[in-house]
Amino acid sequence: MTGHAAADLTSGGARLPGDGVASPLSGKDLAASIRAEVAAMVAQGPAPKLAIVTATADEASAWYVRSLARAAGKVGITCEVVDLGPHADAATITATLVALGTDPGTHGVILQTPLPAGVSAREVALAIEPARDVDGANPVSLGRLATGLPAYAPATAEAVVALLDHHGIALAGKEVVVVGRSTVVGKPLAHLLLDRDATVTVCHSRTVNLPAVTRRADILVVAVGRAGLVTADHVAPGAVVIDVGTHPTADGGLVGDVDAGSVAAVAGALSPVPGGVGPVTTALLLRHTLDAARA
Ligand SMILES: NC(=O)c1ccc[n+]([C@@H]2O[C@H](COP(=O)([O-])OP(=O)(O)OC[C@H]3O[C@@H](n4cnc5c(N)ncnc54)[C@H](OP(=O)(O)O)[C@@H]3O)[C@@H](O)[C@H]2O)c1
């Protein structure tokens, strides 16, 4: 599908068959415009500060934190990485989060995962001050989101909706299937989609006959953490597919949870990895930090 099916999805009609070349749903332009907006706002007042708490020796996590800190610096947001080391216990992590929740110089707080073995991310995330919980990690934020109270949504979940909006893909009345039910992506995303009047199905590892369920989707969002799990067989012709997955490859590249090669021939539109959900997620974390500072 190219422009024809995309137009059809925006107007609320039935899907059109894919024409063998899915439109790429890039997140780069949207991310750039969010970053520019944030930079312009930051320039008008005191610099917001984001604190990222880490407690891991994981290299992929360290790479992500460095890139987030760089992105923050570029828009004028100060970023402090509080590295507690891979052996930090729950009490130390909790005390650090509590202190950052009252520190007058800090506005946004992110708890980076993975955490040391035996430390429950959900338990310690309860110590993040909800008004500074810019990646929606505190279970209180998820509860607020689910009940329609103001809260920061996890940036990745919000990025999926922002990407669909940016490309003019309507959600109301659409059959949306989300594969993955994590508290970081799948569950908050289901709430955001329900708020937009989509009809939402959430799949997981115990879903029976996954391809039969995912083929019902007008819009299929994949966040399973398994490279290339979703193939052409899972996708209805002309459907919109959003790939949340990120997997580093041996040659330094990145692939998603969707087998892009086969799915692009069936789907109407497909978000690329890299360059789809990822840059929008980072940009939204910066926007949330600005919002927290100005609140
Ligand atoms: N682009 C970004 O900004 C960004 C941000 C966060 C995460 N990610 C990526 O998104 C992906 C998902 O992350 P996550 O944190 O949500 O992962 P997660 O916590 O591991 O959750 C994975 C979910 O997928 C389900 N699942 C696993 N195998 C399945 C299968 N064969 N069939 C159906 N469902 C299956 C699991 O089901 P059960 O619940 O039954 O176990 C679980 O609900 C990862 O690749 C991650 O790197 C990207």
Side-chain angles (χ1 to χ4, degrees), residues 1-6 8-9 13-28 60 156-157 159-164 166-167 169-171 174-182 184-190 192-193 198-281:
M1 173 187 87
T2 51
H4 294 304
D8 184 67
L9 276 160
R15 282 190 299 265
L16 293 178
D19 61 8
V21 193
S23 310
L25 300 177
S26 171
K28 287 183 182 171
T156 305
V160 170
V161 175
L163 190 62
L164 290 165
H166 176 71
H167 288 281
I169 295 161
L171 284 164
K174 293 285 155 42
E175 189 87 34
V176 183
V177 176
V178 179
V179 190
R181 58 175 165 184
S182 72
V184 184
V185 189
K187 282 180 188 158
L189 177 58
L192 293 174
L193 293 166
T199 301
V200 184
T201 302
V202 181
C203 301
H204 45 77
S205 65
R206 304 294 295 276
T207 296
V208 176
N209 198 351
L210 183 69
V213 181
T214 55
R215 276 197 303 265
R216 296 203 311 248
D218 296 313
I219 299 169
L220 175 61
V221 185
V222 188
V224 290
R226 307 272 159 101
L229 179 99
V230 164
T231 61
D233 189 39
H234 294 76
V235 179
V240 170
V241 181
I242 303 292
D243 190 352
V244 178
T246 50
H247 306 273
T249 56
D251 60 0
L254 207 61
V255 294
D257 289 342
V258 172
D259 174 29
S262 73
V263 169
V266 178
L270 170 64
S271 70
V273 176
V277 173
V280 182
T281 299

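Evaluation of the side-chain contact (heavy atoms from CB on, under 4.5 Å) rule for V213 yields V177, T201, C203, T207, R216 as partners, not counting sequence neighbours. Qualifying side chain to side chain donor-acceptor pair (under 3.5 Å) partners for T231, counting only residues two or more places apart in sequence or in other chains: H234. With sequence neighbours left out, the side-chain contact (heavy atoms from CB on, under 4.5 Å) criterion links A212 to N209, R215. Here D251 pairs with T249 under the side-chain contact (heavy atoms from CB on, under 4.5 Å) rule; sequence neighbours left out. Every residue two or more places apart in sequence or in another chain that forms a side-chain contact (heavy atoms from CB on, under 4.5 Å) with L229 is listed here: L210, V224, R226.
Of all heavy-atom pairs between V241 and L25, the closest is O-CD1, 4.5 Å. Residues A223 and V244 share a closest heavy-atom pair of CB-CB, 3.8 Å. Counting all heavy atoms, side chain and backbone alike, V277 lies closest to S271 at CG2-OG, 4.5 Å. Here the shortest heavy-atom pairing between V280 and A162 reads CG1-CB, 4.2 Å. Between K187 and R181, the shortest heavy-atom contact is CE-O, 3.3 Å. Listed here is the closest heavy atom pair of V255 and A227: CG2-CB, 4.2 Å.
Panel note: side chain D257, backbone G225; a donor-acceptor pair is recorded below 3.5 Å. Panel note: side chain D243, backbone V258; a donor-acceptor pair is recorded below 3.5 Å. Within the 3.5 Å criterion, the main-chain N or O of I169 finds no donor-acceptor partner in the side chain of H167.
A 4.5 Å side-chain heavy-atom check between L164 and L171 finds at least one atom pair inside the cut-off. Residues L163 and V161 fail the side-chain proximity criterion, which asks for heavy atoms closer than 4.5 Å.
Within a 6.0 Å sphere centred on NZ of K28, heavy atoms belonging to other residues, nucleotides or ligands number 12 at most.
Note that OG1 of T199 and CG of L193 are 10.5 Å apart. Values are rounded to the nearest 0.5 Å.
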Between side-chain atoms of residues 260-267 and protein atoms elsewhere (two or more places apart, or another chain), which donor-acceptor pairs fall under 3.5 Å?
residue	atom	partner	partner atom	Å
S262	OG	A232	N	3.2
S262	OG	D259	O	3.4
S262	OG	D259	OD2	2.8

